[in-house]
Every structure is written in structure tokens, then in C-alpha cells.
Amino acid sequence: MALSGGRLLGKVSVITASTDGIGFAIAKRFLKEGSKVVISSRKQQNVDSALEKLVKVADELNIPPTNLHGLVCHVGKSEDRVILVDETVKKFGGLNILVSNAAVSPAFGNIYDVDEKAFDKIMDTNVQASFLLCKEALPHLRKAGNGSILFVSSIGAYLPLPGVGAYCVSKTALLGLTKNLATEFARFGIRVNCLAPGIIKTKFSEPLTGNEAATELYMKVIPMQRFGDPDEMGGPAVFLCSDDASYVTGETLMATGGINSRL
Ligand code: NAP
């Protein structure tokens, strides 16, 4: 396994929803870039098995396993968000990078059929929890001096994806949150950016990527003619959170295999 460039050496990173899929891939890449990494998700058993996998990665690269920590955090629960930040600071002495990656999409169908409860859940988890987590992390990111926040949005922020309209609306809201927080947090030395993946092969996208008709349809709009791999999200995330992007804030980086995007 190749050792990456150490672009996050000495940093402490928290990544939500990072026991699987894109969040896990970002955690793995951050670890390889020298960051101390705190992974989290709702279920202890998922945290444990993801940590086990990451310790193996660390071992192969001679990275101390003590650079890793994991805990349960359901991003929709305020007490969990507090613990996530507090425990990170207690364990690693500070916080430099927050990656807000968690999202849900419990309703499938026309947007006008989505009921209030489902709409609230989508907005609470995907948008409000991201915002509240930033508030929790703010004092520590300020203290760090050059803190960085990354939201994980989606191509759905730009294009209405069939069946998941409310989810797409929540992902568009993250573009606005990125712009607004970037403007206000710049004076604290904190950059705020956003990553918008296209269709990436994970459990979340299985209903699309595992469906022949949907795959055929998507290949008509993906110039690269394939779905993305979660590991391909690690590089863009490192770029936005590292000093390589020291003059980049308020931006969204599309990683979609070339899907056309425009608001
Ligand atoms: P995934 O493979 O299904 O992974 C989901 C992860 O989120 C798991 O670790 C899960 O663990 C955790 N999780 C779920 N709900 C949570 C919550 N409320 N609080 C904390 N953790 C939670 O999903 P993914 O495809 O990697 O998606 C990650 C992000 O990428 C999402 O923001 C999604 O919108 C975005 N995205 C995905 C795609 C795609 O095609 N896959 C495209 C564009 C954007 P537990 O079950 O233990 O909680």
C-alpha cells in the first residue's frame, strides 16, 4: 500500500458517518495523509469493524494505531454531537478539520408526496445537524488557527434526481451553508468548502447502481461512463481540507465523472 504525501500531518480530523462508504474512504485517505482521525456513526459494531480495518491500513504504513479513534455519533442527536467534539479534543488535544458527511434519504417517490415527518428528518439530518456540528466545532477550529470544514453534498444539489427530490433540496441547502459560513468564518481563519460527489458505488446508491435500467440511464449523462468508487472521493476531500487549498473557501468541488451541473 502506497504512503501518501503527508498533506494532513499534525492535523486532527473528525468525519461523520465514516464507518462505511464515502466517509470511510475519506477517513482512510486522511489517515494516510498523516492526520489523526476520529471516525463515527450510529452503531457501535460498525465503529468497531471500521476501526479494525483502519488499524490494518495504519499497520501496513507504519502509522501508529493511536492516530485513530472511533465513537458512536448519530448526527441528529445533540448529545452525540457534543460528545464527538469533546472526546476528540480530549483525546487529541484539539480539532483542525471537520468533515460533515452524514445524510439520509428515507422517502422515495415524488417530492409532493413527501410528508412533513420525512421532510423534517431529511432537513434535520442533512442540513441542520451539519450546521449545529459546525457551531459545536467552532471554538476548537478557531483555536487551531487554520481550521477547515468540508460538507459532503451531491450532484443532486444541482440536478433533480428522480425519486429523491427532498434529499436533493437538502443537498442544495448545503451549497448555501457553505457560502454563508465561509464568508463569516474567514475572519477566524477557517475555510469552509463542499464536495459534491456524482453517483458513487456505496450501500446508499445501491438502488441505482444495482439496477440495470437506472445504470443504462445514468451512463447517458456520465461522460466517464462509469460510477465512482468511494476511494476516489478521498483525494478531492484532502485537497479541500489541506493547505493545498489555503486560498479556497466557499467553493464546491464536483466529483461526478463529468456530469453536467449548473444551478
Ligand atoms: P453509505 O455508504 O450508505 O454510508 C453511510 C454511513 O453513514 C455509514 O457509516 C452509516 O453507519 C452512517 N450513518 C447513516 N446515518 C447516520 C446518522 N444519522 N448519523 C451518523 N452516521 C450515519 O453512504 P454514502 O454513499 O457513503 O454517503 C455518504 C455521503 O455522501 C452522504 O452525505 C450522501 O448524501 C453523499 N453522497 C453519496 C452519493 C453516492 O452515490 N453514494 C452521491 C452523492 C453524495 P451507521 O449505520 O452505523 O450509522
Side-chain angles (χ1 to χ4, degrees), residues 14-29 37-51 53-54 70-81 83-84 98-107 120-130 132-133 150-175 177-178 194-211 214-215 218 221-222 226-234 236-237 252-257 259 261:
V14 162
I15 304 155
T16 65
S18 45
T19 59
D20 203 356
I22 292 169
F24 179 79
I26 291 175
K28 185 169 61 175
R29 185 61 189 273
V37 175
V38 178
I39 61 162
S40 61
S41 77
R42 291 167 304 178
K43 299 181 196 113
Q44 185 68 53
Q45 70 194 54
N46 291 345
V47 174
D48 292 342
S49 77
L51 267 181
K53 286 182 205 154
L54 289 174
L71 65 153
V72 165
C73 173
H74 183 319
V75 297
K77 295 185 177 168
S78 67
E79 63 274 24
D80 282 13
R81 294 191 298 265
I83 289 169
L84 180 64
L98 169 66
V99 179
S100 180
N101 169 66
V104 292
S105 185
D120 275 352
K121 187 175 169 126
I122 292 167
M123 291 300 158
D124 282 356
T125 310
N126 303 4
V127 186
Q128 183 164 270
S130 293
L132 294 173
L133 197 53
L150 182 68
F151 295 118
V152 178
S153 176
S154 166
I155 181 64
Y158 293 80
L159 297 176
L161 302 177
V164 288
Y167 163 83
C168 290
V169 171
S170 75
K171 292 298 185 176
T172 311
L174 287 179
L175 309 184
L177 192 59
T178 302
C194 184
L195 174 64
I199 310 299
I200 312 300
K201 280 191 151 191
T202 67
K203 278 195 199 112
F204 190 74
S205 63
E206 175 84 56
L208 289 183
T209 57
N211 177 298
T215 299
Y218 272 101
V221 296
I222 304 175
R226 63 175 178 85
F227 296 123
D229 184 273
D231 283 345
E232 292 179 287
M233 300 301 107
T252 297
L253 199 163
M254 312 298 299
T256 66
I259 302 178
S261 57

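Counting begins at 1 with the first residue of the sequence. Just so you know, ligand 1 is whichever comes first in the structure, and atom 1 is the first atom listed for that ligand.
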Looking at [atom], what's its closest protein heavy atom, distance included?
| atom | answer |
| --- | --- |
| atom 31 (C) of ligand 1 | Asn101 O, 3.2 Å |
| atom 6 (C) of ligand 1 | Ala17 O, 3.7 Å |
| atom 40 (O) of ligand 1 | Ile200 N, 2.8 Å |
| atom 46 (O) of ligand 1 | Arg42 NH2, 2.9 Å |
| atom 9 (O) of ligand 1 | Thr19 OG1, 2.7 Å |
| atom 23 (O) of ligand 1 | Phe204 CB, 3.3 Å |
| atom 37 (C) of ligand 1 | Ile22 CD1, 3.6 Å |
| atom 25 (O) of ligand 1 | Thr202 OG1, 2.5 Å |

With a cut-off of 4.0 Å, which atoms of ligand 1 are near a heavy atom of [X]?
| X | result |
| --- | --- |
| Cys73 | 19 (N), 20 (C) |
| Asn46 | 45 (P), 46 (O), 47 (O) |
| Ile199 | 40 (O) |

Short N-O contact, [X] and [Y], less than 4.0 angstrom:
| X | Y | result |
| --- | --- | --- |
| Asp231 | Lys28 | yes |
| Glu232 | Arg29 | no |
| Lys203 | Asp20 | yes |

- For a side-chain contact (heavy atoms from CB on, under 4.5 Å) with Asn101, tell me which candidate from Leu195, Leu150, Thr16 qualifies. Thr16
- Query: Which residue, Val37, Leu98, Val152, Ile39, forms the side-chain contact (heavy atoms from CB on, under 4.5 Å) with Ile15?
  - Reply: Val37
- Give the single entry among Ala196, Ala50, Gly198 that approaches atom 38 (C) of ligand 1 most closely by any heavy atom. Gly198
- Verify atom 44 (C) of ligand 1: protein non-hydrogen atom under 4.0 angstrom away: yes
- Nearest atoms (heavy-atom pairs only) where Thr256 meets Ile222: O-CG2, 4.0 Å
- Does ligand 1 have an atom under 4.0 Å from some heavy atom of Ala25? no
- Task: Using a 4.0 Å heavy-atom cut-off, say whether Tyr167 meets ligand 1 through its side chain, its backbone, both or neither.
- Result: side chain
- Task: Tell me which part of Ala129 gets within contact of ligand 1: side chain, backbone, both or neither, using heavy atoms under 4.0 Å.
- Result: neither
- Message: Go through it in stages, so that I can follow the logic: the residues are Thr19 and Asn46, the test is side chain to side chain donor-acceptor pair (under 3.5 Å), and I'd like the CA-CA distance, side-chain angles, deciding distance and then a yes or no.
- Response: CA-CA 6 Å; Thr19 59; Asn46 291 345; 4.5 Å; no
